[in-house]
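Some notes on the structure that comes next.
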Amino acid sequence: MADRVRTRYAPSPTGHLHIGGARTALFSYLWAKKHGGDFIVRIEDTDTERNVVDAEEKQMAALAWLGIQWDESVDVGGPHAPYRSMERTGIYEEYLKRLLTSKQAYPCYCTSEELEQDRERQLAAGQAPRYIGRCRDLTEEERSARESEGRMSSVRFRVPAGRKILIEDIVRGDVSFETDGIGDFIIARPDGRPTYNFAVTIDDALMEITDVVRGEEHLSNTPRQILLYEAFGFKIPRFAHAPLILNPEGKKMSKRDESIIQFIDQYKELGYLPEAINNFLALLGWAPAGEKSEEEIFSLDELTDIFSLDRISKAPAVFDTGKLKWMNNHYIKEASLERITDLAIPHLIKAGRIDSSINESEKTWVTRLVGLYQEQMDYVAQITDLTALFFLEEVEHSQEAKTVLAEEQVPTVIGAFVEQVKTHEGELDPEEVKKLLKAVQKTTGFKGKQLFMPVRAAVTGETHGPDLRESISLLGKERVMTRLETFLGQ
RNA sequence: GGCCCGUUGGUGAAGCGGUCAACACACCAGCCUUUCACGCUGGCAUUCAGGGGUUCGAAUCCCCUACGGGUCACCA
């Protein structure tokens, strides 16, 4: 590996950062960083009709949130600027001219109607749909005739016949394609804008990309690009095609797939942590080697260390949402309570649970509340439902709670507890609650389940939940009293 | 339809010719706990899509079949 390793992630600005794109970016980034090389983000915006206004910015923000840092791109520039295809049209024109001059490319005057008919005919005849070569060998006269008709021309690359193109793929090994199976493909649209295969090849070559990492759907594009590399005498990079990501049902993901959340932004909003997403994505279609294969919790730095393209799997990877939740829960438990609280507060505000401007003591209260549930959250947005009972005026007793509250000793126990709370001076901190419960035990003689379950059921409406003393303390004297008295009054 | 690719338990997967096929998620059981959650312990593929070979020996190599997928765009 003589050259400095340079990889790139080249999205089109047509939407949000997708989990598949994020994984590709991650793999590319890890590989470059492992070798002390450069990671480039380049925007492939040649399909101007489909471009979406904020997409570029949003995708890069999502990448940054994940902690995937680029060395060269549209915002920070770099030695190969510009990094947006549509700002590189002059470059493409020059290379296009070369191909036209050498007759390796030719103008095509076919209309989309003609092309569509060809296609249908081939399909009907059970043939591979590909360009039939109508404009391949037009004479000068025929060309000018079409041009005087006012026909627009795109430019096609002349695919040589009878050749075998070998792709030495790091993931898949040697894969070969016959050029006879590839039709002459369009490299420039009538208005001169390059198509993907053309732009990506020139950009990768000029930007000195050494390793092209991308999804499997690009594998069959690769021979076309190799043809282009050859036509220009460019050095061919190494390729690594990562397997597709399937939804939890093992099916190909579609745009409107309800079974899976597909965009990084959405995970961020739900309160997934970037380190969990990275860790999970890294393991989607890749596994560490050797002794590390028994572990699965890895930081970005560790991943940078142990990642290797040749360990990428050839088989498609199923997106296991359960595993993602488990992993995120792991990182939530590991994170500081302050960090999780800061993430939780917006959710609580949005749900109308707390005010958008909270003071210090309220913040302390919220922190304690979040702390009560930190270890069981799969993602931070769950905090709203998890803490619901702390914001209710009155509780509704679950069926189990009703059963508990129907027990014989309950009026005695609750009555005694009410007495304790009523006569207690000052705040109810957990230690105080402990003492009060102890006192109830003394005066009533009930202890353990017979004591705690009725109190829990009456106060929270549930027979299970987090630490009772802390819960009562957080609920506060007033609300606890209201709930207990409401219960006794029934 | 042509060309490519893939197939290890419910899921992610290790395994690259030689013990009873790692590990993790999920699941089940037990322990811990006033309850839940967390945590801990144990269980969970007589078998590697199916069928043929090669070999003393195959999940690992070869062939065929089945199934799944990618692609054949003036989309990336």
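Here is the naming used below: chain letters follow the sequence lines, and residue numbers restart at 1 for every chain. Worth saying up front: this structure is predicted, and the values here are computed from it rather than measured.
Using a 4.0 Å heavy-atom criterion, one finds that A/Glu44 contacts the sugar-phosphate atoms exclusively. Across all strands, A/Leu283 comes closer than 4.0 Å only to sugar-phosphate atoms, never to a base (heavy-atom distances). Residue A/Pro190 is in base contact, counting any heavy-atom pair closer than 4.0 Å across all strands shown. In this structure, A/Lys333 reaches the sugar-phosphate backbone alone: every heavy-atom distance under 4.0 Å involves primed, P, OP1 or OP2 atoms, never a base. A/His218 comes within contact range of at least one nucleobase, with a heavy-atom separation under 4.0 Å. Using a 4.0 Å heavy-atom criterion, one finds that A/Ser313 contacts no nucleic acid atom at all. Heavy atoms of A/Gly465 sit under 4.0 angstrom from at least one base atom. Residue-level contact check: A/Arg119 touches the backbone only, with heavy atoms under 4.0 Å from sugar-phosphate atoms and none from bases. Looking at heavy-atom distances under 4.0 Å, A/Ala317 makes contact with sugar-phosphate atoms alone, never a base. Residue contacts for A/Asp191: at a heavy-atom cut-off of 4.0 Å it reaches no nucleic acid atom on any strand shown. Within the nucleic acid shown, A/Leu468 comes within 4.0 Å of at least one base atom, counting heavy atoms only.
Taking the ring centre of A/Phe157 as origin, the terminal cationic atom of A/Arg224 falls outside the region bounded by 6.0 Å and 45° from the ring axis.
Rounded to whole Å, the P atom of B/C25 lies 11 Å from the corresponding atom of B/C38. Comparing the P positions of B/A49 and B/A58 gives a spacing of 15 Å, expressed to the nearest Å. The same atom, C1', is picked in B/G70 and in B/G30; the two are 48 Å apart, to the nearest Å. The P atoms of B/U11 and B/C48 are separated by 16 Å, rounded to the nearest whole Å.
With B/C4, B/U34, B/U7 as the choices, the nucleotide that has an atom nearest any side-chain atom of A/Phe177 turns out to be B/C4. Looking at the side chain of A/Met453, the nearest of the listed nucleotides B/C74, B/U35, B/G6 is B/U35. Listed nucleotides: B/C72, B/G12, B/C36. Nearest to the side chain of A/Val318: B/G12. Distances were taken from every side-chain heavy atom of A/Arg456 (C-beta onward) to each of B/A76, B/U35, B/A13; the shortest belongs to B/U35. When the nucleotides B/A76, B/G69, B/U71 are ranked by their closest atom to the side chain of A/Glu216, B/G69 comes out on top. Distances from the side chain of A/Val175 to the nucleotides B/U35, B/C5, B/A13 place B/C5 closest.
Taking the charged nitrogens against the carboxylate oxygens, A/Lys449 and A/Glu407 have no contact shorter than 4.0 Å, which rules out a salt bridge. For A/Arg146 and A/Glu114, the salt-bridge test fails: no basic side-chain N is under 4.0 Å from an acidic carboxylate O. Ion pair A/Arg193/A/Glu49 flagged as a salt bridge, since at least one NZ, NE, NH1 or NH2 atom sits closer than 4.0 Å to an Asp/Glu carboxylate oxygen.
Across the interface with RNA chain B, nearest-nucleotide mapping of A/Ser176 and A/Trp286 shows A/Ser176 to be the residue nearer the 5′ end. With the nearest nucleotide of RNA chain B identified for both A/Ser12 and A/Gly183, A/Gly183 has the one nearer the 5' end.
Taking A/Tyr267 as the reference, A/Tyr272 meet the ring-ring contact (aromatic ring centres under 6.0 Å, His included) condition, with sequence neighbours excluded.
Of the possible donor and acceptor atoms, one in the side chain of A/Asp184 sits under 3.5 Å from a partner among the backbone N and O of A/Val159.
A/Lys333 and A/Asn329 share a donor-acceptor pair across their side chains, judged by distance under 3.5 Å alone. Remark: the A/Ser85 side chain and the A/Glu44 side chain contain an N/O donor-acceptor pair separated by less than 3.5 Å.
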Check nucleotides 22-25 of chain B for protein N or O atoms closer than 3.5 Å to its own N or O atoms and list the pairs.
unit_1 : atom_1 : unit_2   : atom_2 : d
B/A22  : O2'    : A/Glu294 : OE2    : 3.0
B/A22  : N1     : A/Ser293 : O      : 3.2
B/C23  : O2'    : A/Glu294 : O      : 2.6
B/A24  : O4'    : A/Glu296 : OE1    : 2.9
B/A24  : O2'    : A/Glu296 : OE1    : 2.8
B/A24  : O2'    : A/Lys323 : NZ     : 3.3
B/A24  : N3     : A/Lys323 : NZ     : 3.2

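Look at A/Thr195 and you won't find any side-chain N or O under 4.0 angstrom from OP1 or OP2 of B/A73. At least one side-chain nitrogen or oxygen of A/Arg311 sits closer than 4.0 Å to the OP1 or OP2 atom of B/G15.
Taking the six-membered ring for Trp and the full ring otherwise, A/Phe185 and A/Phe198 have centroids separated by 6.0 Å or more.
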